[in-house]
There are 2 protein chains.
Amino acid sequence: MNIETPLWRQVRAAIVAEIAAGEFPPGTPLPAEKLLAERFACAIGTIRRATDGLVAEGVLSRQQGRGTFVAQHTSERLFRFFHLRQPDGTAELPRTEFLDFTRRIADAEQAAALNLAPGAPLLRARHLQHLAGRPAMLEKLWLAEALFPGLDGPRFAGRAGTVYDLYQREFGISVTRIDEQLRAAIPNARNAERLGLRAGEPALFIRRIAFAVDGRPVELRLAWADTRELAYFNSRA
Amino acid sequence: MNIETPLWRQVRAAIVAEIAAGEFPPGTPLPAEKLLAERFACAIGTIRRATDGLVAEGVLSRQQGRGTFVAQHTSERLFRFFHLRQPDGTAELPRTEFLDFTRRIADAEQAAALNLAPGAPLLRARHLQHLAGRPAMLEKLWLAEALFPGLDGPRFAGRAGTVYDLYQREFGISVTRIDEQLRAAIPNARNAERLGLRAGEPALFIRRIAFAVDGRPVELRLAWADTRELAYFNSRA
DNA sequence: TTCGATTTGTTCGTATGTATT
DNA sequence: TAATACATACGAACAAATCGA
């Protein structure tokens, strides 16, 4: 009789939808498993099954005795998406130098990446990430204006934490997945100079699309990383 | 009374140890969950809990109605560790051109990477991966001779499937995790010529350490990838 | 500090559905 | 068709961590 999707998937989807809708602001606890089980008219084990994957993905965080919390984009969480490290693997928090913030119009590639119509209004920010006191990565990022109403340079530059923390706390957008493409290339003179590279020296070019918890693409980011002293770390099991 | 590690972790470790010891050759089914539950004197749910993570990591593969199998390094499995793709994301099976196979002695860095003493005997292989009919990645890899007794050039070059498939089927070593460091750099003239790069053109330099199911490092691999037409794909949730 | 209520973590057992052989 | 094996779902009990009275 049951050829439909499993109950635990339905429950998972419902919880994700509620998080995406901002029902549970980041940092706040979900209802206790017992309550969720009552609400969804299922067993606690089914709730566990539904949330296990979200915990593994970092969307939720469970703490024995306390509750299950919607994960915040704190500094630890940053390292899930920040791959630049010292060769010995030392993870360090980058310092961000704001460069500029402007309004733009989506070209074909940007529109495709963000699932928008070409010509849609975009917000573009640029900044420079410093590690070990030196410029390490030059980033340019685009956002659909419709998803970030009222965001401007001062608000972007004056944020307290990470960029994704800003998205999450002020616009209810939780980035939970990123897709990246990496290439080795030679940046133009302006970009090379910003990174302290000599002419003809290569850098790592990174194209990232960030997705919200509901799967929508929300940010396109192009970056140049100086990998003379640093390396991009990737681990796969 | 129970400050010890959870039962499901003990069971997991036991299963991993048996796989690492070659008790269940790749492709063969594990004992049914009911049998495992009897053997470990626990509930079936505990067996599930123990194997869930291994399934997620690709070490095991469960099929309803058939059984739970030790994963083989088939071509699909390859793409877990092979990140070079066309910019549109098209995944293609590389063609491998064997270059050479030699005996070496571990220097300090190789020894550290493979958890050996400096001076330990190594095997070194080089090959060239082709994609879309063009050279795409030049790889140099080192193995501890002690872990691969009797491996030589003909056996390495004459293998049927992937390198990791060879490790697994002929030496009982299942690679389940890799750590990679990526940099942009300019290869020397010899390497550039092999990849069809002009002088001064950059390539992606990849340093990989591969780990067996029991966590031991088993392979060090240095690679130059041509990212003019291809890109290194990475996705993180 | 102690204690009790709450919440997640672990483990058990059972029943039924679905896919494979 | 029947037996086998995994998939889903339910429910219960106790342990361990947390927090407030």
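- With hydrogens and angles left out, the side-chain atoms of T51(A) and R62(A) include a donor and acceptor closer than 3.5 Å.
- At whole-Å resolution of the value, NZ in K34(A) and C1' in dG11(D) are 14 Å apart.
- Under 4.0 angstrom from either OP1 or OP2 of dT10(C) there lies at least one side-chain N or O belonging to R49(B).
- Taking 4.0 angstrom as the limit, R66(B) places a side-chain polar atom (N or O) nearer than this to OP1 or OP2 of dT21(C).
- A donor-acceptor contact under 3.5 Å is formed by the side chain of Q64(B) with the base of dG17(C).
- Relative ring orientation between F81(A) and Y164(A) is described as perpendicular, the plane-to-plane angle rising above 60° on a 0-90° scale split at 30° and 60°.
- Of the candidates dC10(D), dC6(D), dT8(C), dT8(C) carries the atom nearest the R48(A) side chain, counting heavy atoms from C-beta on.
- Residue-level contact check: G45(A) touches neither bases nor backbone, having no heavy atom under 4.0 Å from any strand.
- Nucleotide dA19(C) has dT4(D) as its partner under the Watson-Crick or G-U criteria, with both atom distances under 3.5 Å.
- Here T46(A) does not reach the OP1 or OP2 of dT8(D): none of its side-chain N or O atoms lies under 4.0 Å away.
- Separation of the F98(A) and H127(A) ring centroids does not fall under the 6.0 Å cut-off.
- Between the side chains of Q72(B) and Q168(B), not a single donor N or O lies within less than 3.5 Å of an accepting N or O.
- At the phosphate of dC6(D), OP1 or OP2 sits under 4.0 Å from a side-chain N or O atom of T68(B).
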